[in-house]
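Have a look at the structure below, then the notes.
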Protein chains: 2
Amino acid sequence: MSPTRTADGAAPGRVGDVRRRNLALLLDRIDPQGQATRAQLAAETGLTKASVSSLVADLLESGLLTEAGVTRDGERGRPGVGLVLNPLRGAIGAEINVDYLAVGVLDLGGTLQFQETVERHNRGSSPGDVLAALGVLVHRAADAARQAGIVLLGGGLAVPGLVDPDRNVVVTAPNLGWSAVDLSAELAALLPAAPFGVTLSNEANSAALAELWYGHGVSFRDYLYVSGEVGVGGGLVIGSELFTGPAGHAGEIGHVVVHPEGPRCTCGGHGCLEKFAGQQAIFSAAGIGDDSTALRMSHLLRALDAGKPRALAAVEQAGHYLGVAVASAARLMNISAVVLGGHFAALEEWIEPALRRSLANFAPGLVPDGSIAFSGLRQTAALTGAAGSCLRGVLARPYELIS
Amino acid sequence: MSPTRTADGAAPGRVGDVRRRNLALLLDRIDPQGQATRAQLAAETGLTKASVSSLVADLLESGLLTEAGVTRDGERGRPGVGLVLNPLRGAIGAEINVDYLAVGVLDLGGTLQFQETVERHNRGSSPGDVLAALGVLVHRAADAARQAGIVLLGGGLAVPGLVDPDRNVVVTAPNLGWSAVDLSAELAALLPAAPFGVTLSNEANSAALAELWYGHGVSFRDYLYVSGEVGVGGGLVIGSELFTGPAGHAGEIGHVVVHPEGPRCTCGGHGCLEKFAGQQAIFSAAGIGDDSTALRMSHLLRALDAGKPRALAAVEQAGHYLGVAVASAARLMNISAVVLGGHFAALEEWIEPALRRSLANFAPGLVPDGSIAFSGLRQTAALTGAAGSCLRGVLARPYELIS
DNA sequence: AGAATTAGTTTTCAATCTGAACTATATGTT
DNA sequence: AACATATAGTTCAGATTGAAAACTAATTCT
């Protein structure tokens, strides 16, 4: 990464690093929706007006920032010039999941400018085939961006499995049947011209980040995001940052042990949360047959609406054990909020009371009622997070676009 | 902390920050036991020899570094001058626990130069009384340090409870009967002359850090330290750093839910690990009466040696549930090693097989057998970690001693 | 019209690292 | 013993950067 990097990862500080840091600092202080003037930035960051002017000049040249004209606020004195994150810069977000592919274009202002989802059964498909199909969608999205005048800086791809983002490898994706798949070449080919390339991420982690930047993150700085898909995944946000753990796989709440005498799990363990709160577990406890996922979910919702005891008990059980796992997570990682996505969000009405009771029983006082939230991003969560990660990366390393 | 710090914690980069960073970088590259020359440091850090010379001059002036004379390595060329962390700089480490007080002096070379433990029943004692008693010990240790020519730069105090290190407040210490105790004045009075003051920390966290710097940290960069005292505490080390979580209370493995139908715990929850693997739980499951802690532990060890089934079963159960909690922690935080201290270290021989079996059952493959370690630091772990934290803080902010 | 106020720029200066040339001190070779 | 070679460490000019202060620019208030 850094030009002079020694074996142990220690990089010496150079005079130029100061400017790099300050460039990123300024971008961090500009609200994606709003605007700021040089004088405001100087006051907020503690830099002098002279320095801010110089830094802003570089950022304007990079194309990340644009001037939005004079801001008349009615106050006395010369009005400042509004600076905004350039809405004509963006990134592609993509998601591969078990039964669909999804792609979108997110701009620096935080708006999803284009979005497309297609059904496709990827379980067992070869990575090459899936990425070829995805490539068509990405191409279409890139064309749409070009038409809208948006310059793409990079992209992100979310997959339902453990990934090694540094090496672009899907370590395992059990629900796709993939393991040790190196996607370096495919990712590079998706957006060959984009300066920041396409990065790989875990679907639950990306959804957690989307929630942080474009969802409940406005009220929570620290939370556990729990994604209910075919499996139960998780993403841990601490101090408004994703906590990935030493090898990048933290947050895997689906395999927390919630009952030591519970059934064996596909992961090799016993009594994992996924065996009590995964889609499979809920559907079979509710006595719902094996149609497609979408059909089964609507069956379940109808049964719940009708007050069928077996369905109610199935969701009650899922909420109960979800509470056990969240209680343990709250203790271990000192988090005090949860955001639920995927099928948990669809079941909000029925699962929330059970989860509350369970949390009150296992970790009283740790997760207040107001800190249980349900994701409103639904289908676009993962791709929004993947694209957002790319854009945040750009804002954190703006100097790569300068000089 | 920083001179110009804005509300949101964003600090602008200044030219001088580069030097601060590089001063700390150099100190980080000098092994506490060994020595390095300016040329080696230049090669390792990527800084030029000119910069290293200039930085080292400042560090020599600060007293943190000393020249250890010419190093003759038999190679051709002018020999370098060895640089060592000054062993005549140190910090006080102290621990308040339920039935003892302990104090020691740790020098920059990593040697515990002086150590004293006195029995004292602190449960229910007022914080003022306990700190007065501790003050006597600290005074004695400071005198010993002065006699040995060691200049004390600061200190650390570890207590068995939740603390707020920034505000010097013990939030709760159930086993001492303390809550919301502000120790600012008492801590400042302990070492009035030390430039880095005395800081407060949690006992399990300090022990985890001692393990990192002076114990199994040489082989593990990421692990969960589990401290078995009257309660079961934990400290989480990720990437060779303590992970404290959003409010500083991460790692509380004692209250992870290991059995959802388990008994009620003092924390208000149910089925917590502490109810299966805490000292109380083990002693009563083993059928050992209520003498002093030390006596009961020797009873237990004798019973185990004699192969008494009830004692063996009690420890087996503790190991089993410890495994459940560690399995969940491994999933949630992606850790792959555990270090056990306190009574778990004393019971190593009997608890390790049970823990192994449990981990193989609940998280196969995640914590390899070679990654289960037992602390060898025993009684001095917490105070060593507290003093070490202070010294690491000095090495990270050497510029506070310069100019 | 002029004073007051705020935004932004220009200029000078100090801090700091780099790079190249230099001095210092050892070992190896003849 | 003299000289070559190699490595350690210092000195000094040059480039980059932010701070500070003086300056210009554009607006509102009186």
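Reminder, nothing fancy here: chain letters follow the sequence lines and each chain counts from 1. Fair warning: this is a prediction, and the values are worked out from it, not measured in the lab.
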Exercise. Is any N or O donor-acceptor pair between the side chain of A:Arg78 and the base of C:dA7 shorter than 3.5 Å?
Worked result: yes
For this session: Could you work out which one of C:dC17, D:dG9, C:dT9 sits closest to the side chain of A:Ser53?
Result: C:dT9
Exercise. Does CD in A:Glu241 sit with more than 12 non-hydrogen atoms of other residues, nucleotides or ligands closer than 6.0 Å?
Worked result: no
Exercise. Under a 4.0 Å N-O cut-off, is there an ion pair linking B:Asp17 with B:Arg14?
Worked result: no
For this session: Find the distance B:Arg20:CZ to C:dA15:P and express it as a whole number of Å.
Result: 13 Å
Exercise. Heavy atoms under 4.0 Å, any strand shown: does B:Val81 hit a base, just sugar-phosphate, or nothing?
Worked result: sugar-phosphate
Seminar exercise, completed: Nearest-nucleotide check on DNA chain C, A:Gln40 vs A:Val15; residue mapping nearer the 5' end is A:Gln40
For this session: Establish, with yes or no, whether the OP1 or OP2 oxygen of C:dA15 is under 4.0 angstrom from a side-chain nitrogen or oxygen of B:Arg19.
Result: no
For this session: Answer with base, sugar-phosphate or nothing: what part of the nucleic acid does B:Ala42 contact at a heavy-atom distance below 4.0 Å?
Result: nothing
For this session: Give one of base, sugar-phosphate or nothing for A:Thr37, where a contact means two heavy atoms less than 4.0 Å apart.
Result: sugar-phosphate
Problem set entry | Atom pair distance, as rounded to whole Å: CG in B:Asp58 and C1' in C:dT16 | 12 Å
For this session: May I ask you to evaluate whether B:Thr48 reaches the phosphate of C:dT18, defined as a side-chain N or O under 4.0 Å from OP1 or OP2?
Result: yes
Problem set entry | Atom-pair distance (CG on B:Asn22; P on C:dA15), nearest Å | 17 Å
Exercise. Counting only side-chain N and O atoms of A:Arg14, is one of them less than 4.0 Å from OP1 or OP2 of C:dT18?
Worked result: yes
Exercise. NA contact type, B:Val70, heavy-atom cut-off 4.0 Å: base, sugar-phosphate, or nothing?
Worked result: nothing
Problem set entry | Euclidean distance, atom CD1 of residue A:Ile402 to atom C1' of D:dT16 [Å, nearest integer] | 15 Å
